[in-house]
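Single-structure report; data block below.
Nothing fancy with the numbering, it's 1 onward along the sequence.
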Amino acid sequence: SHDSRFAGIWLPFGADTATFYPRNCPKLFEVAFVGQMYPKRQEYLKQISHPISILPPVRGSTASISFEQLAFAYSQIKIFVNLPSLSHLLVTKVTEVLACGTFLITPIPKTSEAKRNASQFSDRVHLVYYDESAPAELDQTIRHYITHPYIVTGKQIGRAHVYSSH
């Protein structure tokens, strides 16, 4: 039975748009990832022929400085490739990257919670999903968007969606 005392609206992850916004900085990295590189990700990268710049996790002296530095790092990337993770925890990386105006390629969500969280974004409208079990497909996807830069530079729909919905 449903208890109306606990009825409400489920809110997906968002991004603090006062911190995560497009910075006026050069795009220093064509294709990159920011985060921990553990064995699963290292092995996955061996299956991708296109180079992906790996930027280490950002660690500032305070949480707010860390978030500012992270937003700046996201803004320096033309195409952010979110690598497969070990856990199925929900993270705010998708909304934060999009809020910074960075084009995002990310794994298709697997768990029901992750799918619900991701339901706010449409594939090839706000971002691009890839099947992490098919590294060759990811490689083709990266190459497609590199060779069609007008799609990447015009893909501010994801950022606009984050700003209007979060």
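Heavy-atom neighbours of Phe67 CZ from other residues, nucleotides or ligands within 6.0 Å: at or below the threshold of 12.
Remark: Gln36 CD to Gln42 CD distance equals 10.5 Å, nearest 0.5 Å. Of the inter-residue distances, the one linking His50 atom NE2 with Thr141 atom OG1 reads 12.0 Å to the nearest 0.5 angstrom. For the atom pair CD (Glu68) and CZ (Arg23), the distance works out to 5.0 Å, reported to the nearest 0.5 Å.
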Kindly determine whether Val128 and Asp123 satisfy side chain to side chain contact (heavy atoms under 4.5 Å, CB included), including the steps that lead there. CA-CA 5 Å; Val128 175; Asp123 187 26; 4.1 Å; yes
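Side-chain contact check for Ile79 versus Ile142: every heavy-atom pair is 4.5 Å or farther apart. For the pair Ile77/Leu55, a side-chain contact is recorded, criterion being any heavy-atom separation below 4.5 Å from C-beta on. Residues Arg143 and Ser49 have side chains in contact (heavy-atom distance under 4.5 Å, counting atoms from C-beta outward). The shortest distance between side-chain heavy atoms of Ser85 and Lys40 does not fall below 4.5 Å. Counting heavy atoms from C-beta on, the side chains of Leu127 and Thr106 come closer than 4.5 Å. Two residues are said to be in side-chain contact when any heavy atoms from C-beta on lie closer than 4.5 Å; Phe121 and Thr95 meet this criterion. Between Ile54 and Leu45 the shortest side-chain heavy-atom distance falls below 4.5 Å. The side-chain heavy atoms of Leu138 and Tyr44, taken from C-beta on, include a pair separated by under 4.5 Å.
Ring geometry for Phe80 against Phe33 counts as tilted: the plane angle lies between 30° and 60°, on a 0 to 90° scale. Ring-plane geometry between Phe103 and Tyr145 is classed as tilted, the angle between the planes lying from 30 to 60 degrees on a 0 to 90 degree scale.
Under the 4.5 Å side-chain contact rule for hydrophobic residues, Ile65 and Tyr74 do not share a cluster. Residues Tyr130 and Ile108 share a hydrophobic cluster, clusters being chains of Ile/Leu/Val/Met/Phe/Trp/Tyr side chains in contact below 4.5 Å. Cluster membership for Phe72 and Phe20, using ILVMFWY side-chain heavy atoms within less than 4.5 angstrom, is not shared.
With hydrogens and angles ignored, the 3.5 Å screen pairs no side-chain donor or acceptor of His144 with any backbone N or O of Gln140. In this structure a side-chain-to-backbone donor-acceptor pair under 3.5 Å is missing from Lys78 to Thr102.
Looking at every heavy atom in both residues, Ala71 comes nearest to Thr19 through CB-O, 3.4 Å. The minimum heavy-atom distance between Asn82 and Pro107, with the atom names listed, is O-CD, 3.1 Å. Shortest non-hydrogen contact noted between Ser66 and Arg59 is OG-C, 3.7 Å.
A salt bridge between Glu96 and Lys93 is absent, with no side-chain N of the basic residue lying under 4.0 Å from a carboxylate O of the acidic one.
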